[in-house]
Amino acid sequence: MEEQIQTLLNEINAYDASDKQALEAFRMKYISRKGVVSGLFEELKKVPVTEKKKVGKILNQLKQTAEAKLAEFTQKLDSHASPRVEIDLTLPPVPNQIGNLHPLSLTQYRIIEIFERLGFNVADGPEIEDDWHNFSALNFPENHPAREMQDTFFIEKKGHAGSSQDMLLRTHTSNVQIRMMENQKPPIRAIMPGRVYRNEAISARAHCFFHQVEGLYVDKNVGFADLKQTLYHFAKEMYGRDIKMRFRPSFFPFTEPSAEIDISCLICNGAGCNVCKYSGWVEIAGSGMVHPNVLRNCNIDPEEFTGFAFGMGIERVTMLRYQINDLRLFSENDVRFLRQFQSVI
Ligand code: DAH
């Protein structure tokens with residue numbers, strides 16, 4: 001029996017399975033339950049006890065050799081099998097999804113571009129503000145209704161009602177005007193974009209937070225004609241030469257005289273829609289000549305310097321620019337809306 005095992009060992013070592021059939025034949029012959037190796041294990045039972053240990057050992061070696069050989073053949077055949085094409089280099093590439101700027105950012109950058117060419121700097125100020133910079137310094141009387149809870153998100157109430165130290169979320173970007181004039185001597189020519197907050201019900205036209213760009217120009221001999229011409233220029237640059245614009249007399253505590261600025265509605269072209277409240281005009285900004293009290297509050301002599309200011313709603317300007325009729329779209333982050341601005345960059 002030892003000889004027989006040796007012969008089989010030689011046979012197995014010399015075997016070469018070049019295809020699947022040869023491999024199967026090898027398995028059947030040596031490894032399957034009816035194969036020769038199994039047969040020899042049956043015969044082992046008949047071997048005399050004295051021999052059993054020795055023969056059993058070489059028989060086990062034979063079995064292991066056969067199994068190792070089978071594994072080797074299987075691997076060889078698998079690696080030779082026709083390769084599976086996982087990457088087809090001839091396919092066009094799947095483009096990466098690239099992000100895009102938010103429409104409000106696009107508009108803000110455009111506004112900055114237009115005013116920069118007129119010599120305006122860009123400035124920034126805090127969103128968490130004290131009452132002085134948001135209201136008192138801007139000539140709001142102590143009992144002015146805009147300070148009350150329904151409009152303003154107060155953070156901290158200190159001292160008496162309307163105290164200059166009360167902390168709040170700024171209700172407009174006009175606070176930055178004050179900060180600029182407190183820290184800089186005229187001439188000052190700057191725009192100040194940023195986010196503002198108001199305690200208002202959310203609708204297609206209003207939100208509890210939105211964006212404004214403040215404008216301020218203080219120098220010797222600045223007049224209302226400068227304000228008008230600057231804003232006319234802005235409207236034409238932003239919307240094209242055919243845009244219609246009008247100044248409506250208005251009131252703000254921090255300007256005298258004051259005007260609101262309307263643009264002909266580009267969403268309905270005057271036919272009437274929810275954005276222009278069926279009037280054909282959309283208000284985009286408040287403006288006016290800086291009130292002498294405001295200049296004085298910032299230690300600027302109103303006898304020597306005059307200035308104009310405006311505060312523009314970036315949402316409104318954007319809605320007219322892209323014909324968007326619901327302000328809530330800007331903060332819902334629906335990618336189907338946002339992706340539409342991809343090609344605009
Ligand atoms: N701050 C005003 C508002 O939020 C807008 C405004 C009006 C700003 C007139 C100005 C201005 O600078 O001169 O409604």
Side-chain angles (χ1 to χ4, degrees), residues 108 111 115 118 120-127 129 131-141 144-148 150-153 168-182 186 188-200 205-219 222-231 234 245-263 282-298 300 302 305-317 327:
Q108 184 178 311
I111 294 172
F115 282 102
L118 294 176
F120 283 74
N121 296 323
V122 181
D124 204 3
E127 289 179 23
E129 188 56 287
D131 184 283
W132 168 257
H133 290 94
N134 196 81
F135 291 131
S136 298
L138 285 159
N139 200 34
F140 278 81
H144 195 281
R147 290 175 186 234
E148 281 176 16
Q150 71 266 28
D151 290 321
T152 309
F153 287 115
L168 46 85
L169 294 181
R170 68 175 175 192
T171 56
H172 50 189
T173 43
S174 306
N175 66 324
V176 196
Q177 278 190 38
I178 301 300
R179 289 186 174 274
M180 286 211 78
M181 290 191 283
E182 279 176 343
I188 298 170
R189 191 156 38 172
I191 55 167
M192 303 144 243
R195 184 175 277 190
V196 302
Y197 303 84
R198 280 186 206 176
N199 195 357
E200 274 187 39
R205 283 171 51 92
H207 211 294
C208 56
F209 68 82
F210 53 99
H211 300 79
Q212 290 186 333
V213 179
E214 195 75 11
L216 178 69
Y217 180 21
V218 184
D219 202 350
V222 177
F224 202 87
D226 298 310
L227 167 65
K228 274 186 103 171
Q229 193 50 48
T230 302
L231 288 168
F234 163 76
M245 189 177 192
R246 69 178 187 188
F247 280 68
R248 249 184 316 108
S250 185
F251 169 80
F252 298 103
F254 38 95
T255 43
E256 184 58 40
S258 308
E260 275 171 324
I261 297 150
D262 297 340
I263 291 270
V282 182
E283 181 202 324
I284 60 154
S287 68
M289 299 308 294
V290 180
H291 197 291
N293 287 349
V294 175
L295 295 172
R296 250 178 245 121
N297 284 339
C298 303
I300 293 173
F305 295 105
T306 51
F308 71 70
F310 59 86
M312 197 155 17
I314 302 186
E315 273 80 356
R316 289 279 174 84
V317 175
L327 187 139

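Whatever order the structure lists ligands and atoms in, that order sets their numbers, starting from 1. Atoms considered below: every heavy atom in the structure, side chains included; atoms not considered: hydrogens, waters and symmetry mates.
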Can you tell me if [X] contacts ligand 1 (heavy atom of the residue under 4.0 Å from the ligand)?
X	value
Glu260	no
Gln177	yes
Phe254	yes

Atom indices of ligand 1, in the order listed, that fall short of 4.0 Å to a heavy atom of [X]:
X	result
Thr255	13 (O)
Gln212	3 (C), 4 (O)
Ser174	1 (N), 8 (C)
Phe252	7 (C), 9 (C)

Q: Can you pull out the closest protein heavy atom to atom 14 (O) of ligand 1? Residue, atom name and distance to 0.1 Å, please.
A: Arg198 NH2, 3.7 Å

Q: Looking only at protein heavy atoms, identify the closest one to atom 7 (C) of ligand 1 and say how far it is in Å.
A: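 Nearest neighbour among protein heavy atoms for atom 7 (C) of ligand 1, to 0.1 Å: Gly286 C, 3.3 Å.
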
(Q) Using a 4.0 Å heavy-atom cut-off, which part of Ala309 comes near ligand 1: side chain, backbone, both, or neither? (A)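 Near ligand 1, Ala309 shows its backbone as well as its side chain.
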
Q. Quick check: does Glu214 get an N/O under 3.5 Å from an N/O on ligand 1?
A. yes

Q) Just distances here: any N/O of His172 and N/O of ligand 1 closer than 3.5 Å? A) yes

Q. Salt-bridged, Arg248 to Asp262, with N to O below 4.0 Å?
A. yes

Q) Less than 4.0 Å between a side-chain N and a carboxylate O, is that true for Arg198 and Asp151? A) no

Q: Compute the ring centroids of Phe308 and Tyr217, then answer whether they are less than 6.0 Å apart.
A: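 Yes: the rings meet the under 6.0 Å criterion.
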
**Q.** Among Gly311, Gly313, Gly288, closest by any non-hydrogen atom to atom 8 (C) of ligand 1
**A.**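 It is Gly311 that holds the nearest heavy atom.
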
Q.
Using a 3.5 Å distance criterion without hydrogens, assess whether the side chain of Ser287 forms a donor-acceptor pair with backbone atoms of Ala259.
A.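 Yes; judged by distance alone, with no hydrogens or angles, the pair exists.
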
Q: Mind telling me whether His211 and Phe209 have parallel, tilted or perpendicular rings, with 30° and 60° as the class edges?
A: perpendicular

Q) For the side chain to side chain donor-acceptor pair (under 3.5 Å) test, which of Thr255, Asn293, Asn297 pairs with Asn139? A) Asn293

Q. Can you list the steps and then say if Phe153 with Thr171 is a side chain to side chain contact (heavy atoms under 4.5 Å, CB included)?
A. CA-CA 8 Å; Phe153 287 115; Thr171 56; over 6 Å; no

Q) Side chains of Gln212 and His172: donor-acceptor distance under 3.5 Å anywhere? A) no

Q | Side-chain touch Ile111/Phe234, heavy atoms, less than 4.5 angstrom | A |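 A side-chain contact under 4.5 Å exists here.
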
